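Keep in mind the model is a prediction, meaning the values are calculated, not measured. Basis for what follows: all heavy atoms, side chains included, without hydrogens, waters or symmetry-related copies.
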Amino acid sequence: EVQFVESGGGLVQAGGSLRLSCAASGFTFDDYAIGWFRQAPGKEREGVSCISSSDASTYYADSVKGRFTISSDNAKNTVYLQMNSLKPEDTAVYYCASRGRMGWFGSIRWAIADEYHYWGQGTQVTVSS
């Protein structure tokens with residue numbers, strides 16, 4: 001059974017930082033790409049970042065590029081999202097999810113939510129102005 005548990009969310013002032021963690025079980029990270037998605041009330045789910053465990057390629061939404069950093073510790077089966085310079089518009093529930101390898105078009109495919117098959121329950125991030 002594949003299972004994800006997100007943690008690290010909370011309340012922070014604009015300009016502050018948080019580090020989200022995604023602890024996984026039931027599979028080997030080397031066989032998957034792991035993504036972070038977020039969803040705010042009244043908005044559609046959007047891809048935030050993704051890491052390919054096999055080749056370490058990383059991808060970021062334009063809105064977070066330069067502020068967020070994704071990383072993994074395969075020995076711990078954990079993926080992290082370091083979130084710096086947080087803005088009120090970053091407020092959302094953040095989800096960790098996994099998908100199969102993306103092949104040649106990872107730069108396009110990484111943010112397609114329907115291609116992710118396993119999801120965690122999410123962790124709330126709230127950024128106050």
#### Entry: Polar side-chain atom of R38 near backbone of A92 as donor-acceptor pair, under 3.5 Å
no

### Query
Among pairs that include at least one residue of residues 115-128, which meet salt bridge (Lys or Arg N to Asp or Glu O under 4.0 Å), considering only residues two or more places apart or in two chains?
R99-E115

### Task
Please name the pair of heavy atoms, one in G100 and one in Y32, separated by the smallest distance, quoted to 0.1 Å.
N-CD2, 4.4 Å

### Query
In chain order, what residues pass the disulfide bond (SG atoms under 2.5 Å apart) check against C50, with sequence neighbours excluded?
none

#### Entry: Whether S52 side chain and A33 backbone form a donor-acceptor pair below 3.5 Å
no

### Message
Between E6 and G122 (side chain of the first, backbone of the second, donor and acceptor by atom type, cut-off under 3.5 Å), is there such a pair?
### Response
yes

### Task
Find out if a path of hydrophobic residues (ILVMFWY) with successive side-chain heavy-atom gaps under 4.5 Å connects L81 to W110.
no

### Task
Check for a donor-acceptor pair, side chain of Y94 on one end and backbone N or O of Q39 on the other, with a separation under 3.5 Å.
no

### Message
So that I can tick it off, tell me whether K65 and D62 are bridged by a salt bridge, with the cut-off set at under 4.0 angstrom between side-chain N and carboxylate O.
### Response
yes

### Message
As an exercise, state the distance from CG of L18 to CD of Q82, rounded to the nearest 0.5 Å.
### Response
8.5 Å

### Task
Without swapping roles, check the side chain of R109 against the backbone of M102 for a donor-acceptor pair under 3.5 Å.
yes

### Task
Measure the shortest side-chain to side-chain distance between V5 and Q121 over non-hydrogen atoms and say whether it is less than 4.5 angstrom.
no

### Message
What's the separation between atom CG in D73 and atom OH in Y80, rounded to the nearest 0.5 Å?
### Response
5.0 Å

### Summary
Here the pair of heavy atoms bringing Q124 nearest to T126 is OE1-OG1, 3.4 Å

### Query
Are Y59 and I34 co-members of a hydrophobic cluster defined by side-chain heavy atoms under 4.5 Å apart?
no

#### Entry: Pair F68-S49, side chain to side chain contact (heavy atoms under 4.5 Å, CB included): steps then yes or no
CA-CA 8 Å; F68 292 8; S49 186; 5.8 Å; no

### ILVMFWY network linking V48 to Y95, side-chain heavy atoms under 4.5 angstrom
no

### Message
Using side-chain heavy atoms (C-beta onward) and a distance below 4.5 Å, is V125 in contact with L20?
### Response
yes

### V93 reachable from V79 in the ILVMFWY side-chain graph, under 4.5 Å edges
no

### Geometric cation-pi criterion, R19 with W36: 6.0 Å, 45°
no

#### Entry: T123 (side chain) donor-acceptor with G9 (main chain) under 3.5 angstrom
yes

### Task
May I ask you to check whether F37 and Y116 place their ring centers less than 6.0 Å from one another?
yes

### Message
Test your reading of the model: is there a side-chain donor-acceptor pair from T78 to the backbone of K76, 3.5 Å cut-off?
### Response
yes

